[in-house]
Number of protein chains: 2
Amino acid sequence: MGLAKTEMFTDQQNEIALFAKVFGHPARVAILQHLFKINACVCGDLVNQIGLAQPTISQHLKELKHLGLIKGNVEGTSVCYCIHTENWSKMKNVMLQFLDQDIQNTDCC
Amino acid sequence: MGLAKTEMFTDQQNEIALFAKVFGHPARVAILQHLFKINACVCGDLVNQIGLAQPTISQHLKELKHLGLIKGNVEGTSVCYCIHTENWSKMKNVMLQFLDQDIQNTDCC
DNA sequence: AATATTAATCGTAATATTGCAATGAACAAA
DNA sequence: TTTGTTCATTGCAATATTACGATTAATATT
């Protein structure tokens, strides 16, 4: 059914999955890396940088914005995007808690 | 269309996306968390724990195994799964490098 | 050998994602 | 006001993902 049964998982598990999902496409990884590097970027520049069509970039930006990881500021006819540092930190904590799990004992198999 | 254009991104970006994608479903997050907690687990136990049907769990396990994040050992009629600690560490380094990016300057927008 | 147990695989239905052409909306410049 | 620029939205085609019933494969148990 192409549909995750979210109701059978904890809020934490669903949150981790949501964040991970948005990183699950190389275009969004590239967009975020570029925003970190340049610190702020107009949508059109991203289209040139990444090489996908404008509607496609716009859609990826929408998803990143929806999760709160980036901010967009209208400046005339263009829109300036940048990392939402506070939310990025919060997300990082959630993901680190998941990634940093440690096994206490030796390998089993 | 429904297909990521991986050829236009760096290997690193594609690798990050691949790892993130596998974490992008709460069932796989739950499976991994359970394996960390219990350290080793027979497939049937995961089916009981998670609450999805056996073929579904088996499919999720396959994806985790394919990325090398877990190992599976046949023990009689059952299969014992556990975290592949070495590969988990490698994956963690890749993801941390991405998550730990820092902005040098102030917010722009 | 016959039966039971466990997990993988196959096949399929339902839904989601990706990508872009076409269009629309908002603003700036002439 | 007309034209151009920039970005969002719509609509659609192609592909991927999720879930599970049915079946198969492998090994135990009787």
Side-chain angles (χ1 to χ4, degrees), chain A residues 1-9 13-14 17-31 34-35 40-67 70-82 109, chain B residues 1-9 13-14 17-31 34-35 40-67 70-82 109:
Chain A
M1 298 125 175
L3 175 65
K5 296 193 158 178
T6 55
E7 74 280 2
M8 47 196 354
F9 303 104
Q13 287 163 343
N14 282 314
L18 275 183
F19 282 133
K21 204 176 195 175
V22 90
F23 299 142
H25 193 293
R28 291 190 289 265
V29 171
I31 288 172
H34 196 251
L35 289 183
C41 199
V42 167
C43 176
D45 295 345
L46 285 167
V47 172
N48 292 332
Q49 265 289 320
I50 312 265
L52 292 169
Q54 179 266 322
T56 307
I57 297 291
S58 196
Q59 195 174 305
H60 285 308
L61 287 168
K62 189 180 178 184
E63 290 179 65
L64 291 168
K65 202 173 172 185
H66 184 249
L67 270 193
I70 63 175
K71 294 188 272 188
N73 232 30
V74 179
E75 290 180 358
T77 59
S78 59
V79 179
C80 171
Y81 284 100
C82 65
C109 32
Chain B
M1 305 120 172
L3 175 65
K5 296 192 157 179
T6 54
E7 74 280 2
M8 45 196 355
F9 304 103
Q13 287 163 344
N14 283 315
L18 275 183
F19 282 133
K21 202 175 198 176
V22 90
F23 300 143
H25 193 293
R28 291 189 290 263
V29 171
I31 288 172
H34 195 251
L35 289 183
C41 198
V42 167
C43 176
D45 294 346
L46 284 166
V47 173
N48 293 332
Q49 266 287 321
I50 312 265
L52 291 170
Q54 179 265 323
T56 308
I57 297 292
S58 197
Q59 196 173 303
H60 285 307
L61 287 168
K62 190 181 178 183
E63 291 180 63
L64 290 169
K65 202 173 171 185
H66 184 250
L67 270 191
I70 64 174
K71 294 189 270 188
N73 229 30
V74 179
E75 291 181 355
T77 59
S78 58
V79 178
C80 172
Y81 284 100
C82 66
C109 32

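In what follows, chains are A, B, ... by sequence order, proteins preceding strands, each numbered from 1.
Atom pair A:Leu18:CG and D:dT17:P shows a separation of 17 Å (rounding to whole Å applied). Counting to the nearest Å, the P atom of D:dC7 and the CG atom of A:Leu61 are 10 Å from each other. In this structure, A:Tyr81 atom OH and D:dC7 atom P are separated by 8 Å, rounded to whole Å. If you take CD1 of A:Ile57 and P of D:dT9, they are 15 Å apart, rounded to a whole angstrom. In this structure, CD of B:Glu7 is placed 15 Å from P of C:dT18, rounded to the nearest angstrom. For the pair B:Asn73 CG and D:dA26 P, the interatomic distance rounds to 17 Å; values are reported in whole Å. Rounding to whole angstrom units, CD of residue B:Glu75 and C1' of D:dA26 are separated by 15 Å. Spacing between atom NZ of B:Lys62 and atom P of D:dT17 amounts to 12 Å, rounded to whole angstrom units.
A pairwise comparison of heavy atoms in A:Ser78 and A:Val42 identifies CB-CG1, 3.7 Å as the closest pair. Scanning both residues, B:Ile50 and B:Ala27, for their nearest heavy atoms gives CD1-O, 4.2 Å. For the residue pair B:Met8 and A:Gly51, the shortest heavy atom distance occurs at CE-O, 3.3 Å.
Counting only heavy atoms from C-beta on, B:Pro55 has its side chain closest to C:dT9 among D:dC7, C:dA7, C:dT9. Nearest to the side-chain atoms of B:Glu63 among the listed nucleotides C:dA28, D:dC20, D:dT18 stands D:dT18.
Under 4.0 angstrom from either OP1 or OP2 of C:dT17 there lies no side-chain N or O belonging to A:His60. Under 4.0 angstrom from either OP1 or OP2 of D:dC20 there lies at least one side-chain N or O belonging to B:Thr56. For the OP1/OP2 pair of C:dA8 and a distance below 4.0 Å, the side-chain nitrogens and oxygens of B:Ser58 include at least one atom meeting the criterion. The phosphate of D:dC20 (OP1 or OP2) has a side-chain N or O of A:Lys5 nearer than 4.0 angstrom.
Along DNA chain C, the nucleotide closest to B:Ala4 and the one closest to B:Gly44 are compared, and the more 5′ of them pairs with B:Gly44. Along DNA chain D, the nucleotide closest to A:Gln59 and the one closest to A:Leu3 are compared, and the more 5′ of them pairs with A:Gln59.
Put simply, CG on A:Asn48 and CD1 on A:Ile57 are 9.5 Å apart, with the number rounded to the nearest 0.5 Å. Residue A:Leu67 holds its CG atom at 13.0 Å from NZ of A:Lys62, rounded to the nearest 0.5 Å. Distance check, rounded to the nearest 0.5 Å: NE2 of A:His25 to CD1 of A:Ile31 gives 9.0 Å. Rounded to the nearest 0.5 Å, atoms OG1 (B:Thr6) and CG (B:Leu18) are 8.5 Å apart.
Across all strands shown, the partner of C:dA8 is D:dT23, judged by Watson-Crick or G-U wobble contacts whose two distances both fall under 3.5 Å.
Residues from residues 21-28 of chain A that place a heavy atom under 4.0 Å from any atom of DNA chain D: there are none.
Within 4.0 Å of A:Leu52, counting heavy atoms only, lie sugar-phosphate atoms of the nucleic acid but no base atom. Using a 4.0 Å heavy-atom distance criterion, B:Val74 is classed as making no nucleic acid contact. Backbone-only engagement by B:Val42 is indicated by non-hydrogen atom pairs under 4.0 Å involving sugar-phosphate atoms exclusively. Nucleic acid contact class of B:Ser78 (heavy atoms, under 4.0 Å, all strands): sugar-phosphate only.
One donor-acceptor pair, N or O on each side, does fall under 3.5 Å between the base of D:dA8 and the side chain of A:Gln54.
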B:Val29/A:Phe9 under side-chain contact (heavy atoms from CB on, under 4.5 Å): CA gap, chis, key distance, verdict: CA-CA 9 Å; B:Val29 171; A:Phe9 303 104; over 6 Å; no
